[in-house]
Structures are given as structure tokens and as C-alpha cells.
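These numbers were taken from a predicted model, which means no experiment stands behind them. Hydrogens, waters and symmetry mates are skipped; everything else that's a heavy atom, side chains included, is used. Atoms within a ligand are numbered from 1 in the order they appear, just like the ligands themselves.
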Amino acid sequence: MEKKIFNFHPGPAILPHEVMLKAQAEFANFRGIGYGLMEESHRSPVFMDVIKQAETNIRELMGISDNYAVLFLQGGASLQFAMVPMNIGIPGKPMLYADTGYWASRAIKEAKLFGDVKLVYEGKKSNYSHIGDPHDWSFDPDAAYAFVCSNNTIYGSQYHFFPETGALPLVADMSSDIMSRPVDMNKFAIIFAGAQKNLGPSGVTLAIVRKDLMARCPANIPTMLKYSTHIENDSMYNTPPTFGIYIIALVTEWIKEQGGLEGMNRLNTAKSNALYNAIDNSAGYFRGTVDPGDRSKMNVTFRLPSEELEGKFCKEATAASLIGLKGHRAVGGVRASIYNAMPLEGVERLVDFMHSFQAANG
Ligand SMILES: *Cc1c(COP(=O)(O)O)cnc(C)c1O
């Protein structure tokens, strides 16, 4: 028997165990063809079926209409930070960004290379512990677009509702909460996500882009960096990341079996409630780092009474098969990443561990 590990890694992160076993079973002989899918041409009918399945599942789960293209790209979410302003920026018009954390700041830094960035929210002032009500933010309707990062992986905050930007295109980096809950797709012009947190392995980036906006893209943008190139070629302008796309097809199939995004949301709510209750009922021993109304259901961040105890906590948790709990190097503390694939049992084990740790070290 293998020892059961609960994997709280922030990314690359846990994948559904059933998906791992399925990929293993068909790795060397893919569905009876006699060799592996990773050895197959991306233009073959065999692979075309897989990419079609991935796209169909994503469209079905997220309710994506034909006005949008579903693209499988490379370069990570980080390349999207540049592709968004390159493709849908408008010369002379500001780009509006909400600075809610580490990755939002990275996106802002990149957009500044292409034009004028205006911040609609400055989370740095509250040490990124707060998002508040995006309905209070002011969006200049004459801007090129607005940008949000839906879940702040490192600080542990998440939008529980999104701003109303009217006709102004809203772009969202959903790398760490994509498909963790239902979203109203029609609110967004572009959604992108590196796959390695909720969808699959690293190396593939999902981008869902509203096709009418692509007319904005200047002619001199490099071919590979234009969304329209990938739209016109069904993500096959060059060799796509076939392994990642295959795993996304399996993971999205698994999400459908779990009751779709409603099912994921129920599970993620139960898991995050269990952890936040443990934090809030610890008489101050564990301290959440984010305002309760803005807490993330994906990345639960907290502190202990000292850095020394935090180190001990993570070390002893690892020994108890609860791995990957150390906070990001930029912020310290403890972070439990409880993406879609983390079962409730893993969170219950962590809660038990927190109780016994506090009893022994309180
Ligand atoms: C992990 C993460 C990124 C970075 O993704 P890469 O694929 O490594 O570029 C960007 N945004 C968010 C919200 C993330 O969680």
C-alpha cells in the first residue's frame, strides 16, 4: 500500500487521483492504438478528438457561447500579462487594473510597458489583506479595458463578486480559481488561467477570448502573440502542448462527474469553511491574514504566534503526510492550497492536525 499523502502545494498542484490513474493506464498504449498519445501527431484524428473533448467540456462547464474562442496556449499566465495589453490595448487610452496582490502587480508591471495604467484599487495600502466591494471602484468608460485577478494565490483573497464594467471589456486572471465555482461568462471579455492549479499540469494556458475584440490588435504584433493567430488555427498554429491538453480533457471530464461547477463550489465551500472555522475557533492561536469577507476558498493563509512555530507546524505537518503548507516566500506564514482536486478528507486531516498542534504547542 502506498502511504496516503495530502498535497497542499500551491502550484503545480494536486490533480484528481482518478485522473492520474487513468492517464497512467493509457500512457503507453492510448485507447488501443498501440502507442502513446505523446508520440502521436497533434494533427491526427486521435489527438483532434482529445482537444475537441477538452474544448467541449470547457464550453459546457463554463457556459461559453460561440462569441468566444477557447484557446490552449503556452508561456503561462505570465505571458498573458503581456498578450492582453498587446492585443486589446488602445493607443492613447488608459488600461484599468485592480492591484489585489502579487500576480495582479506582475500584470500591472507588464501592462505599463505598453501604455498608461490606472489603478482602480490599491491593495498594497492594506498589505493585500482586503479587496472590499468592487462596485465602489470607478471605471473610466473611455479606458481600453479593465483587469482583475479573481483569486490572489499568495495573499489568500478572492473576489466573491466582480465589478460591473458595462461596455468596458473586463479581463480576469483566473489561474488559481478557474472552474472552482460558477461564473457568469458574459461579464468577461477575456479569462485566462495557467493550468497548473485547477486544470492540469504546467505548460498549458487556457485563454477564453471574445472574438470581436480581436479586431483591435495591431498588425505588427508577433504572430505567436496574437490571439487571432490561435483562433484562426484552432490552437494549432504550431505544435500545441499535447500532454497538458490531454490532462485538461480528463480533469474537465472529472469535474463534470462531480456535478460541474456547482458541485465544485459546494465542495470548495465545505472545505474552506472547515478550515476558516478551525482558524476562527482557535482563540487567536491561528490568525487569518485576510478580511473575513474577502477570504479565498482556494488558498487559505494564516499565521501562528511566531515564525518559529510556523516552521515547526509545516515540518510536523509534512511528517504527518500533509505536504506543501509553507506560505509563499514573499509573505511567510502558512498557506493551505485546497484546489478542486483536494478531497474534504484532506482538509479534515489538516483541521485535526491543527487541533493537536495547538494542544501541544499552545
Ligand atoms: C500561478 C499564478 C500565475 C503565474 O502563472 P504562470 O503560469 O507560472 O505564469 C499568475 N496568476 C495567478 C493568479 C497565479 O496563481
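Considering Asn152, Thr153, Asn151, Asp177 as possible partners of Asn299, the one that fulfils the side chain to side chain donor-acceptor pair (under 3.5 Å) test is Asn151.
Glu110 and Arg106 are not joined by a salt bridge, as no carboxylate oxygen comes within less than 4.0 angstrom of a charged side-chain nitrogen.
Between the side chain of Glu40 and the backbone N or O of Val46, no donor-acceptor pair lies under 3.5 Å. When atom types are taken as modelled, the side chain of Tyr339 and the backbone of Pro10 share a donor-acceptor pair closer than 3.5 angstrom.
Ser105 and Tyr128 are linked by a side-chain donor-acceptor pair at a separation below 3.5 angstrom, with hydrogens and angles left out of the test.
For Lys109 and Trp103, the positive end is not near the middle of the six-membered ring at less than 6.0 Å and at most 45° from its axis.
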N/O contact list for ligand 1, threshold under 3.5 Å:
unit_1, atom_1, unit_2, atom_2, d
ligand 1, 7 (O), Ala77, N, 3.0
ligand 1, 7 (O), Gln196, NE2, 2.9
ligand 1, 8 (O), Gln196, NE2, 3.4
ligand 1, 9 (O), Ala77, N, 3.2
ligand 1, 9 (O), Ser78, N, 2.8
ligand 1, 9 (O), Ser78, OG, 2.6
ligand 1, 11 (N), Asp173, OD2, 2.6
ligand 1, 15 (O), Thr153, OG1, 2.5
ligand 1, 15 (O), Lys197, NZ, 2.7

